[in-house]
Amino acid sequence: MKPLWLNGYEVFLFDLDDTLFDHSEAYERGVINTIAKFPLISKLNSAEFLRIFTTHNHNLWPKFASNEISFERFSSMRFENTLRDFNINIDGTPELLQQMVKTFQISYIQQIQPQTRTHRFLSDVSKYVKVGIVTNGTVFNAYEKVKRLGLDDIFPDTAIIVSEPIGFAKPQIEIFEHALELFRVEACKALFIGDNYFTDISGADSIGMDTIWINKHDYECPGSVYPSYTVKHLLAMEELIYRKEWLR
């Protein structure tokens, strides 16, 4: 694989979930912890609940991303729909539904912890290029995740681009254009790093950015767009970067 020359770029733009931290593990633990806390659902098969909840999460996400529903409604509906699939009706107890939603959100966030090696790597990178985050979701969640990761000294709020206030979500080209305008850089001088082939890699490529695909499961490339680089995890980027520039 060709080396990555830092002087070829002015900015590195990172996805957040499953790129800078293990969102999937935090999400799964959040769901499992929530099931255990409520007698109404504690005896359900947790693996099946997780599978159905995740299906509804994926099906509802485009409606939130397109501003068709609010994040609050999205958060409630994925629980409502999952419970309905288990023939559990809580229409008369909206407080219980909100307790489940809040319990999941708190448990999920609590799983997010600082990673020393990740912080050190990103801190080193930020000495040579500008760094930013481009993520789909809400401003509150994005900022809170970055703080929980202990990365807010590297990524201030002004360097975190979130789909919610912009009105466009990855892979829409407008959110990438917004990021380039914010950092005052041309697409050819930006490198996008993300785990989702369709939203991150195809999206960034569509505007002319080079890309690094975080492909921890060694998936085959599912489309005609090929990433500039492929690695299994974020810290594997260290091996790509040309060492004469990687000063200590």
Discussion item. Centroid separation under 6.0 Å, is that true for the rings of Phe176 and Phe192?
Written reply: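 Aromatic pair counts; centres sit under 6.0 Å.
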Practice prompt. Mind running side chain to side chain donor-acceptor pair (under 3.5 Å) on Asp18 and Ser24 for me, showing each step along the way?
Written response: CA-CA 7 Å; Asp18 282 326; Ser24 297; 2.7 Å; yes
Check whether any side-chain N or O of [X] sits under 3.5 Å from a backbone N or O of [Y] as a donor-acceptor pair, and report yes or no.
| X | Y | value |
| --- | --- | --- |
| Ser66 | Lys63 | yes |
| Glu10 | Val185 | no |
| Lys145 | Ile112 | no |
| Gln172 | Ala169 | yes |
| Ser123 | His119 | no |
| Ser42 | Ile35 | no |
| Asn136 | Lys170 | yes |
| Ser107 | Phe104 | no |

Do [X] and [Y] share a hydrophobic cluster, counting only Ile, Leu, Val, Met, Phe, Trp and Tyr and linking them when any side-chain heavy atoms are less than 4.5 Å apart?
| X | Y | answer |
| --- | --- | --- |
| Phe14 | Ile207 | no |
| Ile241 | Leu191 | yes |
| Phe140 | Phe64 | no |
| Phe12 | Val162 | yes |
| Tyr226 | Trp213 | no |

Measure the [atom1]-[atom2] distance between [X] and [Y] for me, rounded to the nearest 0.5 Å.
| X | Y | atom1 | atom2 | value |
| --- | --- | --- | --- | --- |
| Ile32 | Lys37 | CD1 | NZ | 13.0 Å |
| Arg78 | Ile52 | CZ | CD1 | 15.5 Å |
| Asp15 | Asp200 | CG | CG | 4.0 Å |
| Thr93 | Gln99 | OG1 | CD | 9.0 Å |
| Phe38 | Met100 | CZ | CE | 5.5 Å |
| Met77 | Glu72 | CE | CD | 13.5 Å |

Using a 4.5 Å cut-off on heavy atoms from C-beta on, say whether the side chain of [Y] contacts that of [X].
| X | Y | answer |
| --- | --- | --- |
| Phe155 | Leu20 | yes |
| Leu13 | Ile133 | no |
| Tyr27 | Asp17 | no |
| Ile212 | Ile201 | no |
| Glu28 | Leu50 | yes |
| Asn57 | Phe74 | yes |
| Ser75 | Phe71 | yes |
| Leu122 | Thr118 | yes |

Least distance between heavy atoms, [X] atom then [Y] atom:
| X | Y | answer |
| --- | --- | --- |
| Pro62 | Asn59 | CD-O, 3.5 Å |
| Ala142 | Thr135 | CB-CG2, 4.0 Å |
| Gln113 | Leu149 | O-CD2, 3.6 Å |
| Gly137 | Ser163 | N-OG, 2.9 Å |
| Thr19 | Gly194 | OG1-CA, 3.4 Å |
| Gly8 | Lys189 | O-CD, 3.6 Å |

Using distance alone, with no hydrogens and no angle criterion, decide if [X] and [Y] have a side-chain donor and acceptor under 3.5 Å apart.
| X | Y | value |
| --- | --- | --- |
| Asn33 | Tyr108 | no |
| Thr211 | Asp205 | no |
| Asp195 | His23 | no |

Worksheet item: Checking side chain to side chain contact (heavy atoms under 4.5 Å, CB included) for the pair Leu40/Ile88: CA distance, chi angles, key distance, verdict?
Response: CA-CA 9 Å; Leu40 183 66; Ile88 298 174; 3.7 Å; yes
Item to complete: Using the ring pair (Phe, Tyr, Trp, His ring centres under 6.0 Å) rule, take Tyr197 and Tyr219 through it: C-alpha gap first, then chi angles, then the decisive distance, then the call.
Response: CA-CA 10 Å; Tyr197 174 85; Tyr219 293 134; over 10 Å; no
Practice prompt. For the pair Leu180 and Met209, evaluate side chain to side chain contact (heavy atoms under 4.5 Å, CB included) and give the outcome as yes or no after the intermediate values.
Written response: CA-CA 10 Å; Leu180 295 176; Met209 294 186 198; 3.7 Å; yes
Worksheet item: Going through the checks in order, is the side chain to side chain donor-acceptor pair (under 3.5 Å) test met by Asp210 and Tyr9?
Response: CA-CA 9 Å; Asp210 283 352; Tyr9 301 101; 2.5 Å; yes
Worksheet item: Does the pair Asn81 and Leu60 meet the rule for a side chain to side chain contact (heavy atoms under 4.5 Å, CB included), with working shown?
Response: CA-CA 10 Å; Asn81 293 351; Leu60 289 167; 3.9 Å; yes
Discussion item. Could you walk me through whether Glu80 and Arg73 satisfy the salt bridge (Lys or Arg N to Asp or Glu O under 4.0 Å) test, starting with their C-alpha distance in whole Å, then the side-chain angles of each, then the deciding distance to 0.1 Å, before giving a yes or no?
Written reply: CA-CA 10 Å; Glu80 288 179 63; Arg73 187 67 187 127; 2.6 Å; yes
Fill in: More than 12 heavy atoms from other groups under 6.0 Å of CZ on Arg29
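Not buried by this count: 12 neighbours or fewer within 6.0 Å.
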Item to complete: Decide yes or no on salt bridge (Lys or Arg N to Asp or Glu O under 4.0 Å) for Glu144 and Lys147, but give the supporting numbers first.
Response: CA-CA 5 Å; Glu144 185 65 19; Lys147 289 175 184 174; 5.4 Å; no
Discussion item. Pair Gln98, Glu95 - check side chain to side chain contact (heavy atoms under 4.5 Å, CB included), show working.
Written reply: CA-CA 5 Å; Gln98 289 310 307; Glu95 299 85 3; 5.8 Å; no
